[in-house]
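First the proteins, then the strands, lettered A, B, ... as listed; each starts at 1.
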Number of protein chains: 2
Amino acid sequence: MSRQKDNKSFRDIKAIVLERIQSGTWAPDAILPSESALVTEFGSTRTTVNRALRELAEEGYLERKRKAGTRVLRAPVRHARFAIPLTRVEIEGTGARYRYALIGAEMRDMPDWLRARLDLRGAARAAHVRALHYADGKPFQYEDRWIVEASVPEVAEADFSDTGPNEWLIERIPVSNVELSFMATRADQTVAALMDAPLGEPIFTAERLTWLRGQPVTFARLHFAPGYRMTTRI
Amino acid sequence: MSRQKDNKSFRDIKAIVLERIQSGTWAPDAILPSESALVTEFGSTRTTVNRALRELAEEGYLERKRKAGTRVLRAPVRHARFAIPLTRVEIEGTGARYRYALIGAEMRDMPDWLRARLDLRGAARAAHVRALHYADGKPFQYEDRWIVEASVPEVAEADFSDTGPNEWLIERIPVSNVELSFMATRADQTVAALMDAPLGEPIFTAERLTWLRGQPVTFARLHFAPGYRMTTRI
DNA sequence: TAGTGGTCTAGACCACCCG
DNA sequence: GGGTGGTCTAGACCACTAT
């Protein structure tokens, strides 16, 4: 049979199923009809029905188990998805003018807390780079980053005067693993001075740890200007 | 041809392609071979190759366009994914004992800032519920929530003494839209007292706005105990 | 206009797991 | 044991868009 107007695409099926969940037709904990039953109802094939249900499960609405069937989740396990763009892109995306300023960059032995954090034994050298990102002339983000020399040897000769260390890294290192944390910290002297904020001001802070194939590449602490909100719609 | 040992599953293909991206075999901006070329290389069918590439694109590694082909993204648009569980589930997941305490609940007219936030015109009543969630006897999260009566009429008779308002809501309302924000705030008198923290302490705070089919349902502000980190691996 | 990805049909085998 | 979802093959038509 060729594709008819009344046949349902996987998007149609997703929409119909979601509507039935949200309207309560299929209440939490209810078991949906099997794929083959839905194939009959929607007049499509298992491939299509399967894709619709699989995606709804990925989105946290359904739980699927062989033999047990497809169940409507009581509390949809919603996942917040945050895009993690380059700071420059994030700023330009709001229509603001981006400016970058290097505060300092030097090669150092890594402090103990950082070696512990990166799970590195023995001494290791790293570039310690500090920089400010401005939006429309106002401080937007203070970046305090370490780049492990063993993983990125060219870092010893890198020049960060014009390009942020993150953009520099992205040109060279395809990342494989990232651990990302968000927290609220207190503005210390450095941050307060750079952000033009009172000492002790609550600062939205992100920590980012990056590995390439098991090797630690970089650790960054990103301090956002007071009032920053990270927002997403799900 | 039946499935042979040397045939590749879509997972195999994903892994191989990802390895080629991360090793630089397929550098940023490079165009991958077309699906049919990969079908020849991997000895599978387009359905399988397509699923592998489609998922890698969803994960932010590739960009796909008809006719233009599949391109390796320079800066992988990585997405942090945070599971948003019930507070009780989050606490119990760490192995800690969960305890809930209601602080106050009453029906009120919504304040102006909230009506603006929910895009509601005219007066509207809502339940204002405040509650504390404990982990192993220590304050973990202070929840300050408004529930719109027009969207959930039963809320006027609800009893939140034993069950948190979030769990209560989930039993009744399948959500459709959520806006989630994270920020750093300063502990005010209420939060400081409840969290046993100094006034002005930086507090990791989440705001959550929920709609059902365009109707605002609830607005919650969740204040986490000092030191809270939200972490994810991507 | 030609080549690429997007999606569908039709059918099949299999892994898992509940009863 | 048997029903369910997981995934694959083989082939097809179509939509988009770079050239």
Taken to the nearest whole Å, CD/B:Glu58 to P/C:dT7 is 10 Å
Between B:Gln141 and B:His223, a side-chain donor and acceptor under 3.5 Å = no
Checking all strands, does B:Ser36 fall into the base, sugar-phosphate, or nothing category for heavy-atom contacts under 4.0 angstrom?
-> nothing
Over all heavy atoms of both residues, which pair between B:Arg97 and B:Ile91 is shortest? Give the atoms and the distance, please.
-> O-CG2, 3.9 Å
Give A:Arg54 one of three labels, base, sugar-phosphate or nothing, depending on what nucleic acid heavy atoms sit under 4.0 Å from its own.
-> nothing
NA contact type, B:Thr47, heavy-atom cut-off 4.0 Å: base, sugar-phosphate, or nothing?
-> base
Charged N to carboxylate O under 4.0 angstrom, A:Arg64 versus A:Glu58?
-> no
From C:dG5, C:dA12, C:dT9, nucleotide with atom closest to A:Arg46 side chain | C:dA12
Report the relative orientation of the aromatic rings in B:Tyr100 and B:His133; use parallel for angles under 30°, tilted for 30 to 60°, perpendicular for over 60°.
-> tilted
Rounding to a whole Å, what distance do you find between B:Phe42:CZ and D:dT9:P?
-> 13 Å
Spacing between A:Glu35 atom CD and C:dA12 atom C1', to the nearest angstrom = 14 Å
Rounded interatomic separation in angstrom, taking CD from A:Glu63 and P from D:dG6 | 11 Å
Protein-nucleotide distance (A:Leu32, atom CG; D:dT4, atom P), rounded to Å | 13 Å
How do B:Ser34 and A:Ala68 order along DNA chain C: which one's closest nucleotide is nearer the 5' end?
-> B:Ser34
Look at the side chain of A:Phe10 and decide which nucleotide, out of C:dT9, D:dT7, C:dT7, has an atom nearest to it.
-> C:dT7
Once you round it to whole Å, what is the distance between P of C:dA2 and NZ of B:Lys65?
-> 22 Å
Relative to each other, are the rings of B:Phe160 and B:Trp168 parallel, tilted or perpendicular (30° and 60° limits)?
-> perpendicular
Assert: residue with more 5' nearest nucleotide on DNA chain D, out of B:Lys67 and A:Asn50, is A:Asn50
Contact under 4.0 Å: B:Arg64 side-chain N or O vs C:dT4 OP1/OP2 = no
Return the nearest nucleotide to the side chain of B:Thr45; candidates are D:dA15, D:dG6, D:dT9.
-> D:dT9
Please determine if a side-chain N or O atom of A:Thr70 lies less than 4.0 Å away from the OP1 or OP2 oxygen of D:dG5.
-> yes
For B:Ile31 and C:dG3, what is the distance between atoms CD1 and P respectively, to the nearest whole Å?
-> 16 Å
Look at the side-chain N and O atoms of A:Arg51 and state whether any lies under 4.0 Å from the OP1 or OP2 oxygen of C:dT7.
-> yes
Please state how far atom CZ in B:Arg71 lies from atom C1' in C:dT4, giving the value in whole angstrom units.
-> 15 Å
Would you mind classifying the nucleic acid contact of B:Arg11 as base, sugar-phosphate or nothing, using non-hydrogen atoms under 4.0 angstrom?
-> sugar-phosphate
